[in-house]
Peer 1: 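This is the structure I have questions about; it appears just below.
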Amino acid sequence: MFETLPGFREFYPEQFSTRSGLFESWKRSLEICGFSEYEGSVLEPLDLYIEKSGNEIVEQLFHFVDKGERKVALRPEMTPTLARMVGNKANALRKPVKWFNIGDHFRYERMQKGRTRCFTQLNVDILGEAGVKADVESIYTLILVCQRLGLDAQKFYIRLSDRDLWLIALDALGVEESKQSQVLGVIDKIERNSEEQTREALEKIVGGDVSSMLSTIQSLFEVKSVDAIEAWFDKLKTPEVELQERIRGRIAEWKELVSSLESLGCAGFYEIDLSIVRGLAYYTGFVFEAFERGRRSRALAGGGRYDHLVKKLGGPEFPAVGWAMGDVTMTDCLEHHGILPKASLPSKVFVVMDDSTRDTAMSDVGLLRKAGVCALFSYKRSGFGKQFKEANQTNCDWVLVYGGDEVAEDKVSVKELESGQETKVARSELLAFLGAQGLGD
RNA sequence: GUGGUAGUAGCUCAGUUGGUUAGAGCACCGGUUUGUGGUACCGGGGGUCGCCGGUUCAAGUCCGGUUUACCACCCCA
């Protein structure tokens, strides 16, 4: 037998039902917030990703040369595709652009828990709006999606940070602009690395004694409220007027963000945590990640503002904010809490017949199906007992018995399996009867 | 890319210091039951013991390689 390729997945009907249930929930939650679904290409020019993230990411991509000598890659994420799609039609799109996609993504890496080579992601983005309102909506939709899957504030939370604030802080600390992104890289790893490693990395970039800078940076990790952010900057005592302007402006935006989230009922669902920087180079402002509480696992979702990506890919200036959520980690989380979703299935009827009534019964099966009623029957000639058994095994809710007695009266016995209740219904009334039970179109 | 652990039926596993024809439960199929299901009892099908090689009279069992999975690093969209 051939085996599935490493890191790729197959979904048997039972798992597929969970998957569909998850997708249905995602889709519904975003439609509620006024987002429209879109789809991009799964295969993209390799340069689209090199352009954005640098050459080293090529090793993690599923990439190859096609028969037309084109260097191509299976998409590892949606954002560059989306940025290009929006950039191409930027002037024709009504703003804000509120789009979501549920699609497969690929990366060639060693597998482990919560990580495969093929995964499905929900991508939610708002483009064309630079104001904080878009950040609020983005974070809010993430919370809503989780809530509607059955996750409450005891089960997950969002860690909220701000790359812009870090850049201001680094300016205030006197770090040259050209070195700031490198320093952000070090900050991103601070929790994982030892203090010694961090100090060395920082010295290498900035030079000289960095211990006071390091402790100032670390003190920003402790900050848990907007007031504390304000106090942290007050303590720095930056003399430059222009920098003070920036600090004041950013804090005002933080205040707006927090108060809007509170009024949307998001209190308890998020924490300010400036240790989140996020590795991707294209993030520019607020960034955030969703985590399960009380369990060490991968982020459930992550996102943030990326105001320059559309332009970087050849489009016009187009501010954007968005996030992505993977199906692997989310399914794992929902399973852990015993709240796996299921695809919604319509009620089904099973038609029981014998040789003498087969023609009548089958012609009714045809009529029922045409009217949108799910109607099954056995492919075997077997006794009524067997057929009832099959009705159970195929998860039917109703059985229609076409026995000789019933058909002679031009009637059908209709039995509801769960209650065991059975009534005789005239064949001409059958559709109306089932319709009253919520079956059919 | 580095390291650790594991692979026996569709699933969960048992299989003694190497020893006849490799087992159990669940699931599946059939029967008890040719006009009424879920329960119960009885029966049945299903295995190159991941793959290749080695040691041995004899390998599911020991050794080497390989592959796959899981876990921890690395990295993270």
Side-chain angles (χ1 to χ4, degrees), chain A residues 1-10 12 14-15 44 48-49 52-54 56-62 73-83 103-117 119-123 125 185 188-189 192-193 276-283 287 289 296-299 301-304 306 309 322-326 328-329 350-357 378 380-408 412-422 424:
Chain A
M1 286 278 259
F2 289 105
E3 283 178 1
T4 319
L5 283 169
F8 281 77
R9 305 178 291 167
E10 289 168 322
Y12 286 85
E14 197 180 332
Q15 300 146 338
E44 290 279 17
L48 180 62
Y49 304 109
K52 181 217 68 181
S53 316
E56 67 281 356
I57 210 166
V58 174
E59 290 308 312
Q60 293 166 10
L61 288 172
F62 250 105
L74 288 166
R75 65 183 179 200
E77 60 163 331
M78 199 64 196
T79 313
T81 302
L82 169 68
D104 285 340
H105 297 79
F106 308 85
R107 67 182 168 200
Y108 198 90
E109 272 206 293
R110 192 79 162 260
M111 288 76 58
Q112 54 182 278
K113 192 168 184 65
R115 206 171 74 182
T116 58
R117 286 183 181 172
F119 54 98
T120 312
Q121 251 187 8
L122 166 64
N123 275 262
D125 294 272
D188 186 36
K189 291 189 178 69
R192 275 170 290 180
N193 289 344
I276 301 282
V277 181
R278 292 189 68 71
L280 269 183
Y282 57 64
Y283 285 115
V287 290
E289 294 182 346
R296 195 164 167 264
S297 60
R298 283 168 196 291
Y306 51 100
L309 187 61
W323 53 268
M325 173 182 284
V328 182
T329 316
F350 196 94
V351 177
V352 166
M353 63 192 82
D354 62 25
D355 282 343
S356 72
T357 61
S378 178
K380 283 176 273 191
R381 301 165 154 217
S382 46
F384 281 24
K386 275 279 149 59
Q387 295 186 56
F388 265 85
K389 204 168 191 171
E390 193 171 336
N392 264 311
Q393 288 170 327
T394 49
N395 293 315
C396 288
D397 308 282
W398 300 81
V399 170
L400 308 184
V401 182
Y402 284 76
D405 298 346
E406 285 91 342
V407 172
V412 191
S413 287
V414 180
K415 182 170 182 175
E416 188 182 14
L417 282 173
E418 201 183 341
S419 66
Q421 264 182 7
E422 188 169 329
K424 278 194 184 176

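We name chains A, B, ... by the order of the sequence lines, and we start the count at 1 in each one.
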Peer 1: Say we look at B:rA6 and B:rA14: how far apart would their P atoms be, to the nearest angstrom?
Peer 2: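 Each nucleotide's P atom is 12 Å from the other's.
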
Peer 1: Would you say A:Phe119 has more than 12 foreign heavy atoms packed within less than 6.0 Å of its CZ?
Peer 2: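 Yes, the 6.0 Å shell around CZ holds more than 12 heavy atoms from other groups.
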
Peer 1: For the pair made of CZ in A:Arg117 and P in B:rU68, what is the distance, rounded to whole Å?
Peer 2: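 Going from CZ in A:Arg117 over to P in B:rU68 covers 8 Å.
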
Peer 1: For B:rU68 and B:rA27, measure between their P atoms and round to the nearest Å.
Peer 2: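 It comes out at 34 Å once rounded to the nearest Å.
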
Peer 1: Measure from the side-chain N and O atoms of A:Asp354 to the backbone N and O of A:Thr357, and report whether any donor-acceptor pair falls under 3.5 Å.
Peer 2: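 Indeed, once roles are kept as given, a pair shorter than 3.5 Å links the two residues.
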
Peer 1: Can you name the atoms? Protein N/O to nucleotides 27-36 of chain B N/O, anything below 3.5 Å, with the distance.
Peer 2:
{"unit_1": "B:rG30", "atom_1": "OP1", "unit_2": "A:Lys380", "atom_2": "NZ", "d": "2.9"}
{"unit_1": "B:rG31", "atom_1": "OP2", "unit_2": "A:Lys386", "atom_2": "NZ", "d": "2.3"}
{"unit_1": "B:rG35", "atom_1": "O6", "unit_2": "A:Gly404", "atom_2": "N", "d": "2.8"}
{"unit_1": "B:rG35", "atom_1": "O6", "unit_2": "A:Asp405", "atom_2": "N", "d": "2.8"}
{"unit_1": "B:rG35", "atom_1": "N1", "unit_2": "A:Glu406", "atom_2": "OE1", "d": "2.7"}
{"unit_1": "B:rG35", "atom_1": "N2", "unit_2": "A:Glu406", "atom_2": "OE1", "d": "3.4"}
{"unit_1": "B:rG35", "atom_1": "N2", "unit_2": "A:Glu406", "atom_2": "OE2", "d": "2.5"}
{"unit_1": "B:rU36", "atom_1": "O2", "unit_2": "A:Lys415", "atom_2": "NZ", "d": "3.0"}
{"unit_1": "B:rU36", "atom_1": "N3", "unit_2": "A:Glu422", "atom_2": "OE1", "d": "3.2"}
{"unit_1": "B:rU36", "atom_1": "O4", "unit_2": "A:Glu422", "atom_2": "OE2", "d": "3.0"}

Peer 1: In terms of the nearest nucleotide of RNA chain B, which residue is placed more toward the 5' end: A:Gly302 or A:Leu5?
Peer 2: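 Per heavy-atom nearest nucleotide, the more 5' residue is A:Leu5.
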
Peer 1: Output yes when a side-chain donor or acceptor of A:Thr394 lies under 3.5 Å from a complementary backbone atom of A:Glu390, and no otherwise.
Peer 2: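 Looks like yes, one N/O pair under 3.5 Å.
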
Peer 1: Please report, rounded to the nearest Å, how far the P atom of B:rC76 is from the CZ atom of A:Arg107.
Peer 2: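 Interatomic distance, CZ of A:Arg107 to P of B:rC76: 11 Å.
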
Peer 1: Applying ring pair (Phe, Tyr, Trp, His ring centres under 6.0 Å), can you list everything that pairs with A:Tyr306, at least two apart in sequence or on another chain?
Peer 2: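 With sequence neighbours excluded, A:Tyr306 shows a ring pair (Phe, Tyr, Trp, His ring centres under 6.0 Å) to A:Tyr282, given in chain and number order.
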
Peer 1: Mark yes or no: A:Arg117 above the aromatic ring of A:Phe106, with NZ or CZ under 6.0 Å from the six-membered ring centre and no more than 45 degrees from the axis.
Peer 2: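 No, A:Arg117 and A:Phe106 do not form such a contact.
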
Peer 1: Paired with B:rC26: which nucleotide, if any, by Watson-Crick or G-U wobble criteria at under 3.5 Å for both distances?
Peer 2: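 Its partner is B:rG10 (Watson-Crick or G-U wobble, both distances under 3.5 Å).
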
Peer 1: Begin from the C-alpha positions of A:Ser382 and A:Gln387 and carry the test side-chain hydrogen bond (donor to acceptor under 3.5 Å, both in side chains) through to its verdict.
Peer 2: CA-CA 7 Å; A:Ser382 46; A:Gln387 295 186 56; 4.7 Å; no

Peer 1: To the nearest Å, how far apart are A:Tyr12 OH and B:rG10 P?
Peer 2: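 The answer, rounded to whole Å, is 11 Å.
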
Peer 1: I'd like the C1' distance from B:rA59 over to B:rG15, given in whole Å.
Peer 2: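 Going atom to atom, C1' in each nucleotide, I get 14 Å.
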
Peer 1: Just the atom pairs and distances: protein N or O near nucleotides 42-46 of chain B's N or O, under 3.5 Å.
Peer 2:
none

Peer 1: So what's B:rC70 paired with, Watson-Crick or G-U wobble, going by both distances under 3.5 Å?
Peer 2: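 The base-pairing partner of B:rC70, which may sit in any strand shown, is B:rG4.
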
Peer 1: When rounded to the nearest Å, what value does the distance between P atoms of B:rC26 and B:rG43 take?
Peer 2: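 My reading of the P atoms in B:rC26 and B:rG43 gives 13 Å.
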
Peer 1: Find the partner of B:rU21: check Watson-Crick (N1-N3 plus N6-O4 or O6-N4) and G-U wobble (N1-O2, O6-N3) distances, both under 3.5 Å, and reply none if neither fits.
Peer 2: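 Looking at the geometry, B:rU21 pairs with no nucleotide.
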
Peer 1: Here's a test of your reading of the structure: between A:Cys396 and A:Ala324, which maps to the more 5' nucleotide of RNA chain B?
Peer 2: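 Looking at the nearest nucleotide for each, A:Cys396 comes out on the 5' side.
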
Peer 1: Please measure how far the C1' atom in B:rC28 lies from the corresponding atom in B:rG65, and state the result in whole Å.
Peer 2: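 Pairwise C1' distance, B:rC28 against B:rG65, rounds to 38 Å.
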
Peer 1: Counting only side-chain heavy atoms from C-beta out, which of B:rG38, B:rA69, B:rC75 sits nearest to A:Asn392?
Peer 2: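 For A:Asn392, the side-chain atoms sit closest to B:rG38.
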
Peer 1: Sticking with atom C1', work out how far B:rU32 lies from B:rA24, rounded to a whole angstrom.
Peer 2: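 After rounding to an integer number of Å, I get 25 Å for this pair.
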
Peer 1: What does B:rU56 pair with, Watson-Crick or G-U, if both distances are under 3.5 Å?
Peer 2: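 In the structure as shown, B:rU56 has no Watson-Crick or wobble partner.
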
Peer 1: Whole angstrom is fine here: how far is it from CD in A:Glu14 over to P in B:rC11?
Peer 2: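 Atom-to-atom, A:Glu14 to B:rC11, this comes out as 14 Å.
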
Peer 1: Short question: side chain of A:Ser413, backbone of A:Lys424 - any donor-acceptor pair under 3.5 Å?
Peer 2: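 Such a contact is absent between A:Ser413 side chain and A:Lys424 backbone.
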
Peer 1: Just the rounded figure in Å: distance from C1' of B:rA77 to CZ of A:Phe62.
Peer 2: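 Taking CZ of A:Phe62 and C1' of B:rA77, I get 15 Å after rounding.
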
Peer 1: Using a heavy-atom cut-off of under 4.0 Å over every strand shown, decide if A:Gln387 touches base, sugar-phosphate, or nothing.
Peer 2: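 Here A:Gln387 touches no strand at all.
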
Peer 1: Could you tell me if the ring centre of A:Phe384 sits under 6.0 Å from that of A:Phe350?
Peer 2: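 No, they do not, as the ring centres are separated by 6.0 Å or more.
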
